[in-house]
2 protein chains.
Amino acid sequence: MSQTTLPGLALCNNAMLRRATRKLGQFYDDVLAPSGLKATQQGLLYQIHVGNEPTMGAIAAALVMDLSALGHTLKPLIRDGYVETFADPADRRIRRVRLTPQGRTKLEEALKLWQVAQQRFEEMFGKEQAASLRAALDEIAALNFDAPPAAT
Amino acid sequence: MSQTTLPGLALCNNAMLRRATRKLGQFYDDVLAPSGLKATQQGLLYQIHVGNEPTMGAIAAALVMDLSALGHTLKPLIRDGYVETFADPADRRIRRVRLTPQGRTKLEEALKLWQVAQQRFEEMFGKEQAASLRAALDEIAALNFDAPPAAT
DNA sequence: ATGAATTATTGGCATATGCCACTATTTTAA
DNA sequence: TTAAAATAGTGGCATATGCCAATAATTCAT
């Protein structure tokens, strides 16, 4: 029956999503702890890594994250020397982001731990189920709430 | 194909969960905005409402939330007069929480908006799919990562 | 009964995220 | 070309969350 003693809460898609995110986040964070990175930071480093010196805006869009929030989140990573930003010579409004050599090293280190967390979770939750969950979550991230409600 | 242009990220259960949470959170927040409450606050008020003057610990457990985090989150709600805490006379270590009259009024107001968000989302995502998603999320919230990996 | 564990919270510090106002650039329309 | 409009970020302020170190109150072992 899970720990949800009380009713209602279990009906709210948003509340359930947040709750599961807290739980899973703690787990991934715990496993990643030896690297000194939080799961969010590891994910961000990875996103920067796979991007080709992506712009702030591109990262924010990919992560469905507010641009200013991304800026804030990037700060500790810049402070710790894992990431650096630089103006795009062609359009100086744009700032591109890249990993420093230490950032690449740290990411490699963290990825090993990430695999442990990822595997452990999928072992418990089910690999198939995890895959369909991710598909559903991807759908949600792609929803366009601005479009007018489907005309009946 | 959703906005995930780059690979990898889509494989991390935790990252996908966070991303979807950001997206859905923004939507519910937007719809709830007229009430002056964030979706997290509405959910918290609701949880307090359905509980029987629940203790901080009970709420934190139900929401799979750190006790201190709950304390922090409760502050603006107390400050705004929606919630109040009081020591349990039987065990004074324990603090119980309840809604104030204004809190109850505000919750009613917010619930109407919540229904709009909830319905709109389920209309777009699918009512069935939302139900199975919530079930999956409930499973995750109930996982016990401390238990040793299943012995082969 | 008493001091040693245990339990329930709070406070301080740090990251995660969002909104809004403001700045810097670039693009567009006259 | 020059001012208005659009684009990309930054900074300030506020909530969301977590960890760890107190603090307060209760329970327990001797």
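Per chain, numbering begins at 1; letters A, B, ... match sequence-line order.
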Next on the checklist: Rounded to whole Å, how long is the line connecting atom CZ of B:Arg95 with atom P of D:dA25?
Outcome noted: 10 Å
Checklist entry - Given that A:Pro76 and B:Gly57 both sit by DNA chain C, which one's nearest nucleotide is further toward the 5' end? => result B:Gly57
Checklist entry - Between C:dA16 atom C1' and B:Leu17 atom CG, what is the distance in whole Å? => result 15 Å
Next on the checklist: Taking A:Glu53's backbone N and O only, do any of them form a donor-acceptor pair with A:Arg96's side chain (distance below 3.5 Å, no angle check)?
Outcome noted: yes
Item to check | Set of residues satisfying side-chain hydrogen bond (donor to acceptor under 3.5 Å, both in side chains) with respect to A:Ser68, sequence neighbours excluded | outcome: A:Asp66
Checklist entry - Between B:Arg18 (CZ) and C:dT15 (C1'), how many Å, whole number? => result 10 Å
Item to check | Separation of D:dC19 P from A:Leu32 CG (nearest whole Å) | outcome: 14 Å
Next on the checklist: Just to be sure I understand the rule, does A:Leu67 reach a base, reach only the sugar-phosphate, or reach nothing, if contact means heavy atoms closer than 4.0 Å?
Outcome noted: base
Next on the checklist: So, applying side-chain hydrogen bond (donor to acceptor under 3.5 Å, both in side chains) with A:Arg95, which one of A:Thr55, A:Asp88, A:Thr85 is it?
Outcome noted: A:Thr85
Checklist entry - Whole Å only: how far is the CG atom of A:Asp30 from the C1' atom of D:dG18? => result 10 Å
Next on the checklist: Can you see if the side chain of B:Arg92 gets near the phosphate of D:dT26 - specifically, an N or O under 4.0 Å from OP1 or OP2?
Outcome noted: yes
Checklist entry - Does A:Phe145 have B:Arg120 sitting over its ring (NZ/CZ under 6.0 Å from centre, angle to axis within 45°)? => result no
Checklist entry - Which atom names give the shortest non-hydrogen contact between A:Ala39 and A:Leu32, and what distance separates them? => result CA-CD1, 3.3 Å
Next on the checklist: Expressed as a whole number of angstroms, how long is the span from B:Phe86:CZ to D:dA25:C1'?
Outcome noted: 17 Å
Checklist entry - When the nearest nucleotide of DNA chain D is assigned to A:Ala58 and to A:Arg22 on a heavy-atom basis, which residue is associated with the more 5' position? => result A:Ala58
Item to check | Contacting residues from residues 33-41 of chain B, given that a heavy atom lies under 4.0 angstrom of DNA chain C | outcome: none
Checklist entry - Do you know which two heavy atoms are closest between A:Cys12 and B:Gln118, and how far apart they sit? => result CA-OE1, 3.8 Å
Checklist entry - Touch check for A:Arg79, heavy atoms < 4.0 angstrom, all strands: base, sugar-phosphate only, or nothing? => result sugar-phosphate
Next on the checklist: Reading DNA chain D from 5' onward, which residue's closest nucleotide shows up sooner: A:Met56 or B:Asp66?
Outcome noted: A:Met56
Checklist entry - Quick one: B:Met65 CE to C:dT10 C1', roughly how many Å, whole number? => result 16 Å
Next on the checklist: Any donor-acceptor pair, under 3.5 Å, between the side chain of A:His72 and the base of D:dG11, if you only look at N and O atoms?
Outcome noted: no
Next on the checklist: Under 4.0 Å from OP1 or OP2 of C:dG11: is there any side-chain N or O of B:Lys75 that close?
Outcome noted: yes
Checklist entry - Out of B:Glu109, B:Gln102, B:Glu108, which one pairs with B:Lys106 under the side-chain hydrogen bond (donor to acceptor under 3.5 Å, both in side chains) rule? => result B:Glu109
Checklist entry - Once you round it to whole Å, what is the distance between C1' of C:dT26 and CD1 of A:Ile94? => result 10 Å
Item to check | Heavy-atom donor-acceptor pair, B:Arg93 side-chain to C:dT9 base, under 3.5 Å | outcome: no
